[in-house]
Amino acid sequence: MVLRLYDTKTAEIRDFTPLHEGRVSLYYCGATVQGKPHVGHVRSAVAFDILIRWLRASGYDVLAVRNVTDIDDKILEKSAASYSPDFRADQDYPAEEPWFALAYRFEQAFHAAYDALGVLRPSYEPRATGHITEMFALIQRLIDAGHAYPAPDGSGDVYFDVRSWQNYGELTRQRVEDMQDAPDADPRGKRDPRDFALWKGHKEGDPETAAWDSPWGRGRPGWHLECSAMATKYLGEQFDIHGGGLDLRFPHHENELAQSRAAGDDFARYWLHNGMVTYQGQKMSKSIGNTISPEEMLSQARPKAVRYFLGQAHYRSQLDYRPGSLQEAEAAVERIEGFLAKSLGEQPVQLQLPEAFRAAMDDDLNVPAALAVLHESVRAGNTALAQGQKTVAAERAAEVASMAQVLGLADVPEPDGAGSAEHAALGTLVDHLLTERTAAKAEKDYARADAIRDQLTTAGVIIEDTPEGARWSIAAQTKGDTHG
RNA sequence: GGUGGGGUGGCCGAGUGGUGAGGCAGCGGCCUGCAAAGCCGUAUACGCGGGUUCGAUUCCCGUCCCCACCUCCA
């Protein structure tokens with residue numbers, strides 16, 4: 001079996017063959033850290049986390065780079081707004097916060113969200129502001145090649161010359177002439193309205209900390225440039241995979257591709273894009289007010305259920321959230337965990353993956369089909385368990401654990417801390433009550449036994465009787481959805 | 001106007017030219033002192049209209065609707 005991936009650029013599923021045997025270089029767009037992460041960000045992170053895990057499970061060495069774009073218009077705007085006299089500070093946006101502090105604060109918020117969901121840290125996470133000199137070099141190459149020009153209006157801007165690059169639009173298969181006229185707020189010195197800024201001249205009022213001396217005057221980087229500069233710096237002028245959300249396809253990735261190719265770099269060999277997250281069919285957006293944050297999700301369900309939900313649809317599909325989604329995911333996760341708890345001896349040292357699972361993952365990461373295999377194994381394992389075939393059950397359990405590992409479900413931290421002192425104390429108390437209940441049952445005092453169980457249930461402790469005695473677990477959070 | 005992706009049973013969500021993934025919810029049964037968990041069984045489906053075919057949800061044509069991108073967006 002060979003891994004096949006859908007390449008957005010060619011619009012077809014292609015066999016994946018890395019540039020260098022056994023090694024995969026991957027760049028995927030992280031966040032422009034201008035606000036708190038929303039569900040779409042973490043969905044994307046989970047999607048690429050699964051890709052990375054699958055590549056590694058397939059034997060590849062993966063060098064994964066995810067950028068942090070820590071300077072852009074919005075970051076500066078939000079910071080500037082915090083100094084305004086009529087600024088209303090809240091817990092997300094304190095007053096008088098410098099742009100770099102704001103960016104760094106949100107960068108950490110992203111890390112917290114990723115970590116909570118068991119998203120592996122990339123190999124490296126470069127920041128845009130740390131790569132200004134690399135950007136200079138790239139701009140200079142583009143100017144030398146005749147594909148970029150300093151604005152003639154003295155603004156200090158440098159633009160990419162879209163008309164000079166005949167392949168412009170190749171990523172999204174659009175022709176420049178067919179594109180809707182973007183009434184750019186300020187055409188300034190552009191030769192074509194679609195020309196985009198590589199470098200933005202410093203404007204009065206912009207913070208001095210957000211300006212660098214360049215050969216074209218003081219200023220700051222344009223949006224798309226940092227990814228081209230950083231991807232090629234760390235992965236080479238040609239690398240295997242470039243990823244990101246579908247909404248980055250245009251203009252962000254189109255522009256990246258244009259500027260890198262025009263400068264002479266081969267750039268990415270495969271382009272992968274994950275689908276959007278919707279709320280009952282509509283794209284989540286702040287203006288509609290139909291957003292749900294990762295924080296809110298984590299307050300409604302365990303991280304593992306949130307991760308399951310975010311990863312369960314095919315990565316290219318739209319992922320629809322609606323009230324109840326997380327409860328369903330929670331039920332599915334508990335089914336898996338319940339089986340493992342009953343049957344798994346030791347964690348498998350080596351991954352034991354059913355062929356059907358491998359085939360599903362190799363087929364453009366068909367996670368829904370892979371999950372079907374996982375659940376089939378759970379069912380088969382439960383059947384074996386019911387028939388007393390412990391060896392068979394253990395085999396199925398090893399498979400299930402392996403599949404859960406590959407999908408990243410095994411690495412999601414438990415917020416309640418199963419190993420915490422609180423948990424241990426609770427366990428002592430519950431065990432004591434269960435001993436009493438067992439004694440009551442032995443005396444056929446079922447009223448007493450049920451009273452104990454009811455008491456525990458009320459406290460949120462679920463009791464399950466098994467041939468080996470009673471087991472207990474903490475009930476899933478069943479907080480209702482507060483949205484909609 | 002341009003580009004791309006969709007419309008699958010109560011919900012989510014794969015997939016396929018012909019013996020109807022998987023999850024969640026429902027119903028019946030087994031198990032249980034009763035439950036819970038689990039197992040077994042079970043119903044409801046492929047937007048609409050044509051066409052190709054022995055046979056289409058799957059291919060073709062038409063049509064309706066939805067979504068995304070073309071402006072900052074994972």
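All of these numbers come straight from a predicted model, not from anything done at the bench. Naming convention: chains lettered A, B, ... in sequence-line order (proteins, then strands); numbering from 1 in each chain.
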Student: I'd like a table of atom pairs between the protein and nucleotides 37-41 of chain B - only N or O on both sides, under 3.5 Å - with the distance next to each one.
Tutor:
residue	atom	partner	partner atom	Å
B/rA37	O2'	A/Lys342	NZ	3.1
B/rG38	O3'	A/Asn382	ND2	3.1
B/rC39	OP1	A/Arg335	NH2	3.2
B/rC39	OP2	A/Arg335	NH1	3.2
B/rC39	O3'	A/Thr383	OG1	3.4
B/rC40	OP1	A/Arg379	NH1	3.0

Student: Using a strict cut-off of less than 4.0 Å between a Lys/Arg side-chain nitrogen and an Asp/Glu carboxylate oxygen, indicate whether A/Lys200 and A/Asp206 qualify as a salt bridge.
Tutor: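 A/Asp206 and A/Lys200: not salt-bridged.
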Student: Identify, between A/Asp247 and A/Ala331, the residue whose nearest nucleotide on RNA chain B lies closer to the 5' end.
Tutor: A/Ala331
Student: Could you write out RNA chain B as a dot-bracket string, with dots for unpaired bases, | for bases paired across to another strand, and Watson-Crick or G-U pairs counted at under 3.5 Å?
Tutor: (((((((..(((.....[...))).(((((.......)))))....(((((..]....))))))))))))....
Student: If only side-chain N and O atoms of A/His375 are considered, is one of them under 4.0 Å from the OP1 or OP2 phosphate oxygen of B/rG22?
Tutor: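 Answer no for this pair, as no side-chain N or O of A/His375 is under 4.0 Å from OP1 or OP2.
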Student: Mind listing the side-chain donor-acceptor pairs of residues 380-392 of chain A below 3.5 Å, one per line with the distance, residues two or more places apart or on another chain?
Tutor:
residue	atom	partner	partner atom	Å
A/Asn382	ND2	A/Val378	O	3.4
A/Thr383	OG1	A/Arg379	O	2.9

Student: Let me check something: any side-chain donor-acceptor pairs from residues 106-116 of chain A under 3.5 Å, sequence neighbours excluded? List them with distances.
Tutor:
residue	atom	partner	partner atom	Å
A/Glu107	OE1	A/Arg127	NE	2.8
A/Glu107	OE2	A/Arg127	NE	3.2
A/Glu107	OE2	A/Arg127	NH2	3.0
A/Gln108	NE2	A/Tyr104	O	3.3
A/His111	NE2	A/Glu125	OE1	2.6
A/His111	NE2	A/Glu125	OE2	3.3
A/Asp115	OD1	A/Arg121	NE	3.1
A/Asp115	OD1	A/Arg121	NH2	3.4
A/Asp115	OD2	A/Arg121	NH2	2.6

Student: By the ring-ring contact (aromatic ring centres under 6.0 Å, His included) test, which pairs, at least two apart or in different chains, include something from residues 452-475 of chain A?
Tutor: A/His423-A/Trp472
Student: Over all strands shown, is A/Glu177 touching base, sugar-phosphate only, or nothing at heavy-atom distances under 4.0 angstrom?
Tutor: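 Since no nucleic acid heavy atom lies under 4.0 Å of A/Glu177, the category is nothing.
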Student: Assign a letter to each nucleotide of nucleotides 9-14 of chain B from its 5' end: B, base within under 4.0 Å of a protein heavy atom; S, sugar-phosphate only; -, no contact.
Tutor: --BSSS
Student: Answer with base, sugar-phosphate or nothing: what part of the nucleic acid does A/Gly275 contact at a heavy-atom distance below 4.0 Å?
Tutor: base
Student: If you pin A/Thr466 and A/Tyr6 to their nearest nucleotides in RNA chain B, which one's is more 5'?
Tutor: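 The residue closer to the strand's 5' end, by nearest nucleotide, is A/Tyr6.
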